[in-house]
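One structure is given here, and the rest of the page talks about it.
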There are 2 protein chains.
Amino acid sequence: MIDPRFSTLRVFSSTGSVARTAELTGYSPSAVSAQLRELQRSLGIKLIAKEGRGVRLTSAGQQLVSGIDSIVTQWELLAASARSASGQLQAHFGLGGFSTAAAQLLAPLAASLRATRPEVEVQLIEAQPQRCLDLLLAERIDLAVIVASQAPGGGGAKDRFEQTVLLDDPLDVVLPASHRLAQRKSVALEDLADDPWISESGQSVYRALFVAAFTSLGVTPHIAHEAVEWETMIAFIGAGLGVGLLPRLATLGHADDVVRRRISGAAKPSRRIVAVTRKGSRGSPLIEESLEILQRTAERIISQRSAEELDG
Amino acid sequence: MIDPRFSTLRVFSSTGSVARTAELTGYSPSAVSAQLRELQRSLGIKLIAKEGRGVRLTSAGQQLVSGIDSIVTQWELLAASARSASGQLQAHFGLGGFSTAAAQLLAPLAASLRATRPEVEVQLIEAQPQRCLDLLLAERIDLAVIVASQAPGGGGAKDRFEQTVLLDDPLDVVLPASHRLAQRKSVALEDLADDPWISESGQSVYRALFVAAFTSLGVTPHIAHEAVEWETMIAFIGAGLGVGLLPRLATLGHADDVVRRRISGAAKPSRRIVAVTRKGSRGSPLIEESLEILQRTAERIISQRSAEELDG
DNA sequence: TCAAACCGTGCACAATTAGTGCATGATCGA
DNA sequence: TCGATCATGCACTAATTGTGCACGGTTTGA
């Protein structure tokens, strides 16, 4: 909002590519290229340098970016306090989150906002955590619900984002109904060390979590198959191809050939779900309200789990 | 440069009038009006309110301005350090100052820059101190040489400007050649308490200085006539209409019907001449270089005076 | 009390700026 | 060596921004 070129530059510094920046900001690649060139010209500085078939930030560029990070933060603070003082809400409010978060946390939030603030145009975007962060930078969304990763998303994250812990989401094991341990109430990961596993492909957050759970046990699991969607993984498991881990927030669906079991034993892997905003934007009334709603929803989920725990 | 609307808003907060802001920034009044309205709309805040036939900033507006002051400062710092690191100079460089400063300090500076940095387009603007400050805000000029006034130019000056003392310029008395004290080497103001005085009209910096010099003596001078230019004042004095004060930097010209005398006695009025820049812009190579040149020029003037002192 | 001078704003129109789509050259992987 | 990917330049178009003038409201001076 302060200057669209700042947004573009920040996204570029995060993605390192004109094409990805264009895709995230909604501009065409030529527009991104032109904006960066314009910035260079008006400052008289070389910001980007060719590298292979792509392009990278010069050190002067990185320095500029970190300065701009701080300026943008200050601007967000100012805009938020202004909005807060005037009670005026922004017209557009973008929310982002990965699949399960979008379903369980964002959908209720959007519904609530639609009801209480009908004049605000709420937009939901489902996207992977890293992409959510980039969308935040690009100002396409204003709030994201993602899985906290130990690696701070691509450098200088703490200069750009603020996060609030919503809840810890434990992982369960999913077994074929015919599995030898399927009748147990809970299963230790150690007992499944030799089973074939099904995990997610690529270097997703889930995959990192998956690996971490086993390395803490000193075990290297045998990943027999890879899937992208939970649905697919569950189908694989149902077919007896292996066992898998499923976050509690993700629903099993109507699959009756698999069972979900709590994890007992030394390693109790879980993922931490957090709400992320651009640094400085917290004071904004809509953000404040949304965070409260998200936390209430999270608490409801947690207490519901305790109740189930007692029932079961 | 960061956002033209910020510039406009800052000038408006200094002048308190759309028309004056337009004149200073070079926009038309409607453009200024539209820019302020646009800012209001995009933030959803009422920045200005009607007051009489003019408008004024709301308290929210003032709050926003002070936040923007800090952001602009940070941006100037960033841009300056970027320019400094790259060695790249800005294409345009504006200098402002009041009459005598322009002649004695700015002209040599401009000449020197023209010689050593021919690629920079140097522009000189002669203007009263307050106007110089507004021109700085409007980014029409980048450096101003003005008389430091005790009243910090219109609120929040220290959030917007930085100054460097160049020299203290003492005031001399100017007497008709036929005056009873014309033969003295130096004259005390007390001895002229009953003479008719010639001063500047309006509430100029000079006039404030003039009044201050006498109030420190507990004397209220009789101001018989008013003039805008030194030339005029000297002509009045030459005609025997009264006596006057003239800064040492101002030349007497070829008037042979008046004499200039040092001031002795309790009150030795002088004006402090300072170089002013926008806060944060100091690191810029051109500004740094200019300040050095100005200080060298000031030192030369001072040492030249000492020499004359010994001669006389 | 009325007219003239100002001030800020709205509106039609013009000028400048910014963005798109396609073509091009350059680089990397198979 | 061919195809894929990437950034960028260019002609064209869309959108933003600024201008000039007219108008309503307010103050000042006759």
Would you kindly say whether Arg5(B) and Ser42(B) are connected by a side-chain donor-acceptor distance under 3.5 Å? no
Please report, rounded to the nearest Å, how far the P atom of dT9(C) is from the CG atom of Leu39(B). 13 Å
Is any side-chain N of the basic residue among Glu38(B) and Arg41(B) closer than 4.0 Å to the acidic one's carboxylate O? yes
Contact check, residues 19-32 of chain B vs DNA chain C, heavy-atom distance under 4.0 Å, returns Ala19(B), Pro29(B), Ser30(B)
In terms of heavy-atom contacts, Ala144(B) and Leu136(B) come closest through CB-CD1, 4.0 Å
Verify whether the ring centers belonging to Trp75(A) and Phe6(A) lie closer than 6.0 Å. no
Find the distance Arg41(B):CZ to dT16(D):C1' and express it as a whole number of Å. 12 Å
The residue among Ile223(A), Val211(A), Leu209(A) that forms side-chain contact (heavy atoms from CB on, under 4.5 Å) with Ser199(A) is Ile223(A)
Scan the side chains in residues 89-99 of chain A for donor-acceptor partners under 3.5 Å anywhere in the protein, sequence neighbours excluded, and list what turns up.
from	atom 1	to	atom 2	distance (Å)
Gln90(A)	OE1	Arg83(A)	NE	3.4
Gln90(A)	OE1	Ser284(A)	OG	3.3
His92(A)	NE2	Gln123(A)	OE1	3.1

Give a yes/no answer on whether the side chain of Ser17(A) brings an N or O atom under 4.0 Å of OP1 or OP2 in dC6(D). no
How is Gln35(B) classified with respect to the nucleic acid when contacts are heavy atoms under 4.0 Å: base, sugar-phosphate, or nothing? sugar-phosphate
Would you kindly give the NZ-to-C1' distance between Lys46(A) and dT8(D), to the nearest whole Å? 16 Å
Any side-chain heavy-atom pair of Glu139(A) and Arg10(A) under 4.5 Å: no
Tell me the interatomic distance from Leu57(A), atom CG, to dA7(D), atom P, rounded to whole angstroms. 12 Å
Given atom CD of Glu38(B) and atom C1' of dG10(C), what is their separation to the nearest angstrom? 15 Å
Looking only at heavy atoms, what is the nearest atom pair of Arg278(B) and Glu162(B), with distance? O-OE1, 3.9 Å
Could you tell me how far apart Leu36(A) (CG) and dA7(D) (P) are, to the nearest whole angstrom? 10 Å
Donor-acceptor pair between Thr21(B) and Thr15(B) side chains, under 3.5 angstrom: yes
DNA chain D contacts made by residues 47-55 of chain B, counting heavy atoms under 4.0 Å: Gly52(B), Arg53(B)
